[in-house]
Amino acid sequence: MIIGCHVQMKAPKFLEGSVEEALSYKANALMLYTGAPQNTKRRDISELHIAQARELMKKNDIPMERMIIHAPYVINPANSVKPEVAELAVSMLSGELKRMEAIGARYLVLHPGSYTTTDLDTGINTIITRLNEVVVPGNIVICLETMAGKGSECGYRFEHLAHILENLNQQERYGVCFDTCHVNDAGYDLRCFDDVLNEFDRVIGLRHLHVVHLNDSKNALGARKDRHANIGEGTIGFDVLRAIAMDERLADVPKILETPYIDGQAPYGREIEMLRSGRYDPV
Ligand code: ZN
Ligand code: FE
Ligand code: FE
């Protein structure tokens with residue numbers, strides 16, 4: 001099972017510390033923000049301990065493409081009300097891609113964005129326009145995340161993402177990240193996961209799926225909310241999430257936990273162990 005979680009990147013060891021944190025949970029994949037998720041202030045790449053991090057990944061037989069990067073969520077390429085916000089999204093994204101090239105990471109998870117005060121179609125068309133202004137270098141793949149549909153979020157139906165992907169100039173440089181909490185909150189019933197995955201395959205194509213965010217949800221099916229719960233503690237439940245983690249069609253796709261800390265402690269070591277063993281150990 002390729003499974004990991006969101007890890008921190010902080011002084012003094014930065015990326016090397018991120019890999020150490022993932023290893024401490026017995027993870028064989030990881031996801032991190034290259035700085036604070038809510039802003040775009042970033043350290044110089046020379047400070048990030050890239051060589052040491054790569055060495056540690058290699059020593060533990062974890063391919064570099066399993067070090068997944070999440071774009072800061074202030075990037076909003078769907079905003080056409082304030083063009084400066086969408087333009088900023090393009091420059092921020094370009095900076096993130098440069099850092100990824102230096103790190104040697106492959107997959108960048110990106111929230112498609114929120115249309116704010118316009119409408120869904122305008123938002124989706126704005127995303128297409130803005131992403132087409134970005135040049136994605138090397139073999140990097142930007143994975144648009146399935147969203148819950150909270151507020152004015154775009155990308156909560158597979159059709160939205162399919163439409164965006166079909167209209168990008170660099171189609172081979174884009175894919176999708178499937179977030180179980182968001183998909184549940186958007187109204188797809190994961191108890192019938194086969195049907196949901198077939199639907200994904202029909203609308204988007206399974207070959208475009210590169211990352212799964214494995215989270216339980218604090219809200220009911222279709223609530224359009226986006227609040228992650230610990231594995232087994234939410235409305236999706238342990239058995240359904242375990243079945244998703246074990247699905248043969250997703251065997252090569254890293255599953256990344258973004259579940260909340262419990263009493264200031266990361267829950268990931270325990271949750272990874274539960275998902276591997278199939279033994280649910282309630283909080
Ligand atoms: Zn995300
Ligand atoms: Fe997510
Ligand atoms: Fe979320």
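Position 1 is the first residue of the sequence; numbering continues from there. Ligands are counted one by one from 1 in listed order, and the atoms in each one are counted from 1 as well.
Look at D179 and the Zn ion (ligand 1): no N/O/S atom of the residue is under 2.8 Å from the metal. Taking 2.8 Å as the threshold, C181 does not count as a candidate ligand of the Fe ion (ligand 3), since none of its N, O or S atoms lies below it. At a cut-off of 2.8 Å, H213 is not counted among the residues with an N, O or S atom near the Zn ion (ligand 1).
The minimum distance between the Fe ion (ligand 3) and any N, O or S atom of D226 involves atom OD1. Note on H213: its N/O/S atom closest to the Fe ion (ligand 2) is ND1. E145 has its closest N, O or S atom to the Fe ion (ligand 2) at the position named OE2. The Fe ion (ligand 2) sits nearest to atom OE1 when only the N, O or S atoms of E258 are considered. Atom OD2 is the N/O/S atom of D179 found closest to the Fe ion (ligand 2).
Side-chain contact check for S217 and D185: at least one donor-acceptor pair (N or O, by modelled atom type) lies under 3.5 Å.
Between F158 and Y188, the gap from one ring centroid to the other is short of 6.0 Å. Here the two rings, on Y33 and H6, have centers that are under 6.0 Å apart.
No salt bridge links K58 with E55; every basic N to acidic carboxylate O contact stays at or beyond 4.0 Å. The pair K13-E20 meets the salt-bridge criterion, with a side-chain N (NZ, NE, NH1 or NH2) lying under 4.0 Å from an Asp/Glu carboxylate O. Ion pairing of E96 with R99 is present here, as a side-chain N (NZ or NE/NH1/NH2) and a carboxylate O approach within less than 4.0 Å.
For the pair NE2 of H182 and NE2 of H228, the angle at the Fe ion (ligand 3) is about 100°; rounding is to 10 degrees. Seen from the Zn ion (ligand 1), atom NE2 of H70 and atom OE1 of E145 lie 100° apart in angle, a value rounded to 10°.
Judged by the 6.0 Å and 45° rule, R242 forms no cation-pi pair with Y280.
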